[in-house]
Amino acid sequence: MLYSILAGFVVAIALIFTGKIFKSKWSVALTLLPLSLFVYFLSYIPTIQSGATVFQSISWIPSFGVNLSFQLDGLSLLFSLMITGIGTLVFAYTSAYLKKHVYLDRFYAYLSLFMAAMLGLVLSDNLISLFVFWELTSISSFYLIGFNNTSEASRKSALTALGITGIGGLFLLAGALLLGYITNSYSIVEMLQHKELLQQHEFYLVAVVFIFGAAFTKSAQFPFHFWLPGAMKAPTPVSTYLHSATMVKAGVYLLLRFSPTLGSTELWNTTLIIVGAATMLYSAFHLIFRTDLKGILAYSTIAALGILVFLIGLGTQAAITAALVFIVVHALYKASLFLITGIIDHETGTRDITQLAGLRKVLMPVAVAGFIAALISGGVPPSIGFVGKDLIYEATLHMPNNAVLLTAIAIVTNILLFYAGFVVGVKPFMGKLPTTFENLHMPSSLMWVPPLLMVTAGLVFGMFPNLIETAFVANAVSSLVIDNEAFHLKLWHGFNTVLGLSALTLGLGVIVYVVLKPKHKLENFIEKLEVASPKSILFFLTNGFEDFSKSWTNFFQNGYLRHYIATIVGFLVIALAFIIFSNFDLKLDFSSFSELTAYEIAIVLMMIGAVVFTVFTNSRLAAVASMGVVGFAFCLLFLFYSAPDLAMTQFSVDTLTVILFVLVLYKLPKYLHLSKNVLRLEHGILSLTFGGLISILVLKVLQEDQNSEITNFYAENSYLLAKGKNVVNVILVDFRGVDTLVEISVLIVAALGVFGLLKLRLKTRDKK
Amino acid sequence: MKTIILRTASDFLLPVLLLFSLFILLRGHYLPGGGFIGGLVAAIAFVLDAFANGLKNAKSLLKIHPGFLMPVGLSLAFLSAISPLFFDLPIMTGLWASEPIPVIGNLGSALIFDTGVYLVVIGAALTIIFTISETA
Amino acid sequence: MEILLAIVTGILYAAGIYMMLRRSLVKLILGIILLGNGVNLLIFLLGRITKGKPPIIPEEAKVFEELYADPVPQALILTAIVISFGLQAFAIILVKRAYKVLGTDDLDQLNTTDEDS
């Protein structure tokens, strides 16, 4: 299993080096990757059908309980097959759609990366690795959405999508850590065994909110839905693969995965039903106003995701079954519709529905695929769509509360989805062919065969529903519903309420399709309402935040060194003053201090004099000389206070420093009188306050007891362990020898820096 | 600055100072001194010579570019630091010769380490000063 | 005596900061050196000062028998002094180089990044 995930990563990396080969006619060979993975996962069907789950675990960070553990159960298998199956078709389609694109190799690398991440996501049993893969899908989709990186709109959409799904990823991490904290394990399987503990824990609410945050952003639920229509800026294969069939379903997958563990509570069910219903209705009504084929598909995708969340919220076995079937149904028809849109766009150069008509005359096989896709999407028998829709009504009708309301919401959404399917799949092919499109010709078979294959599958599954049932759905249901009753998918249930509702949906759908005509006027009207949409509010907030941080940064990071120093010192003054004076006790015990001698007073006075002179003199030479005096005064101090090593070092270094200064002094600029007197005064007060506080601090510290544990250790063991009697030297070369080693390395770096700065020639750019 | 007095003095001072620096290095483990101080004193000796007899003279006395002393010293220190590994001891454990050597006293890895420090300090200080006086 | 040295530390800090707040590059370096000296003195003081008792074990003894000066801050300061030599040398050359390339030593003229120029 691990290798199946790694395969995509390996291919993505390999494409960096071998991209040139796969850029041209060999690109279609890359289809072998998803195809072989698809076959690999197909081979697991018998194992999973027998009720087993495949488990594989590799230690990664065992001390944190983070392992690369993978689990293949019914649900994972369903998703894996979708990812690789649709992946195969999309890979093949891309090789024709982006033929001879200059970055085709790059595109395939992103696509493989995405596929690998998605597989990792649905196969992970460990929540932390699930999070990593989750974020990888966001990142790879960022590259894919922004693939046309010369277009600003494209870059902006990519950033929005990354922002929203990335934040969702952080929610997932927070939720994962919380769940891990509660159950003491990151394994999803093990969490299931702690269901009681989880649901009664005080953090249950928070954990569920985090998981919801992750799922709703990824699966584009209201009010986080707006990144999805924006993501349609991506090349069509990306929209097909990521934004209809796989990535957006990751949120749904997460909810499904956790519904046995966290579900069946008031909070879980009610929230999901409300959010799902709001998303369904909001986007279903929105799609009426769209004229861009991809725009319509984007909103219908959001509506479909809403249905899925809504069904998970219902939570009954019937609802979960309906959700799983609907996932397959939606993937089949939505991917086909996107691919068909791609063909239309590719051939005619437009996606504006008001300009497209009569294309059946030139693109017959595509028209057939579009028609069948519309049938599936509209839930017309005998397609699998019909089975899916029936299951949804079945689920809503049998809810104990509000059955009528829930069913009504589902019906309204389905009518509008019917409309969307027909507008995209049928409308462009009907009517009279405009003269401009008369000499169009069929695209490469790599482009029109994939959608045709998918819709054929949709028809076959519809006529033989037990195919899809035994192969995927039953296993997935049994991995989610603990005590499931036997059920069977059927195309024909006999005459009952559900059939009546289906007929009603179809009838109203046809009426809506006939009556409503997509118009630009309507679209312009809805654009005006965008001002109050979640997207605009978020953009307003982010722009405001950006402006604020810009002015904040400009205030502090203004490029003047003096301001930085003044700010830092000013802050330190306030902090120090607060601490020192908040528990002020300046009773100094002078008795512990050593006595004053005339020598010492003389040295100190000399030092103070030299320092003051250094600060106020106008001559650089005088300043350097007085700096030397400060250094030699230090030397004497060290001698007095039992530090002969220091005295010697200080003496030598001081000598060298003065020589250094003298050597370069006349090459250095003369002093400038730049600051105004007021500023000098301000700075003087600031520095004196700081210096004064430091003095007080020193005196305070000297009153405290000294912890001399370390000192005693070194002193006592200096001879016994290191055979040295000069403790300072023993510390340097023995006890703390590694520090010294690093220190001399620093010295070498400084010397090399000086050498480099002086000896290496100026670049031409610097000479300007 | 090429006065006769300074020149004559430095001719005598250079060997004396160098000897003194070695002395300081070797006695560092028992009395004030050590690699840092010894290295600085040796550097000063060469700088003094450069002042008195010119940079060229100082350089020719040194034979090699002072920059080369830095990697030599660093490797010496590093080798002495890791040498205990060959005796299955942790890094930086002091290794000592069993018999004391006349004049130097006990010979141990700490002294080799200190010699490395000594060379690096000479190398770095002289590289800095020589480079500056050449180009400044 | 400690009280005098504490005041000297304060003066070194104040002088260092004041010099660093000036606009001249040379003063900036002098300020850094003064501040470094102040820090050395601070560390030295915090180890308590002892007169005439260097941390060197007497010849005939194997451990200290009487009071001795704290060797730890001394070791710290020793390395600090040597490092600061390297730092000062580098800073001086940097100033010289900046002066040569940019033709100014007014720090306020150095506040543009590559992007702006």
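In terms of heavy-atom pairs under 4.5 angstrom with chain A, the leader among C/G31, C/G16, C/A75, C/S84 is C/A75. If you tally non-hydrogen atom pairs under 4.5 Å between each of C/V8, C/T79, C/T9 and chain A, the highest count goes to C/T79. Heavy-atom pairs under 4.5 Å with chain C peak, among A/H563, A/Q650, A/E716, at A/Q650. The candidate with the highest count of non-hydrogen atom pairs below 4.5 Å against chain C, out of A/G631, A/S687, A/G691, A/G753, is A/S687. For the set A/A566, A/S642, A/P644, the entry with the most heavy-atom pairs within less than 4.5 Å of chain C is A/S642. Among the candidates C/A15, C/P54, C/G47, the residue making the largest number of heavy-atom pairs closer than 4.5 Å to chain A is C/P54. Taking chain C as the reference chain and counting heavy-atom pairs below 4.5 Å, the highest number among A/L646, A/T597, A/T649, A/V698 is found for A/L646. The greatest number of non-hydrogen atom pairs below 4.5 Å with chain A, out of C/N37, C/L4, C/I11, C/I7, is found for C/N37. Of all the listed residues (A/V754, A/T711, A/I565, A/I731), the one sharing the greatest number of non-hydrogen pairs under 4.5 Å with chain C is A/T711.
Taking the six-membered ring for Trp and thresholds of 30 and 60 degrees, A/F616 and C/Y18 have ring planes inclined between 30 and 60 degrees apart. Ring geometry for A/F690 versus C/Y13: interplanar angle over 60°, hence perpendicular rather than tilted (30 to 60°).
Heavy-atom distances place both the backbone and the side chain of A/L656 under 4.5 Å from chain C. Using a 4.5 Å cut-off between heavy atoms, A/V728 touches chain C through backbone and side chain atoms alike. Looking at A/L688, the atoms closer than 4.5 Å to chain C (heavy atoms on both sides) sit in the backbone and in the side chain alike. Proximity to chain A (any heavy atom under 4.5 Å) is restricted, for C/L5, to the side chain, taken from C-beta onward. Residue contact with chain A, scored on non-hydrogen atoms closer than 4.5 Å, involves the backbone and the side chain of C/I83 alike. Of the two parts of A/V630, only the side chain, counted from C-beta on, holds a non-hydrogen atom closer than 4.5 Å to a non-hydrogen atom of chain C. Heavy atoms of A/N729 lying under 4.5 Å from chain C are absent altogether. In this structure, chain C has no heavy atom under 4.5 Å from any part of A/A751. Looking at A/I744, neither its backbone nor its side chain comes within 4.5 Å of chain C, counting heavy atoms on both sides. Both the backbone and the side chain of A/L757 come within contact range of chain C, judged by heavy atoms closer than 4.5 Å.
Looking at heavy atoms from C-beta onward, A/Y714 lies in side-chain contact with A/R736 at the 4.5 angstrom threshold. Contact of the C/L45 side chain with the C/I49 side chain is registered, since non-hydrogen atoms from C-beta on lie closer than 4.5 Å.
Screening A/F632, A/F634, A/F638 for a ring-ring contact (aromatic ring centres under 6.0 Å, His included) with A/F651, the sole residue that qualifies is A/F632.
With no hydrogens or angles considered, a side-chain donor-acceptor pair links A/H683 and C/R22 at under 3.5 Å.
Ion pairing between A/E600 and C/K51 holds under the 4.0 Å rule for side-chain N and carboxylate O.
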C/V72 vs A/F713, side-chain contact (heavy atoms from CB on, under 4.5 Å): CA-CA, chis, key distance, verdict: CA-CA 10 Å; C/V72 179; A/F713 172 82; over 6 Å; no
A/T657/A/V653 under side-chain contact (heavy atoms from CB on, under 4.5 Å): CA gap, chis, key distance, verdict: CA-CA 6 Å; A/T657 312; A/V653 164; 3.8 Å; yes
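In the displayed structure, A/I710 atom CD1 is contacted under 6.0 Å by at most 12 heavy atoms of other residues, nucleotides or ligands.
Partners of A/L681 by side-chain contact (heavy atoms from CB on, under 4.5 Å), not counting sequence neighbours, listed by chain and number: A/I685.
Between the side chain of A/T617 and the backbone N or O of A/T614, no donor-acceptor pair lies under 3.5 Å.
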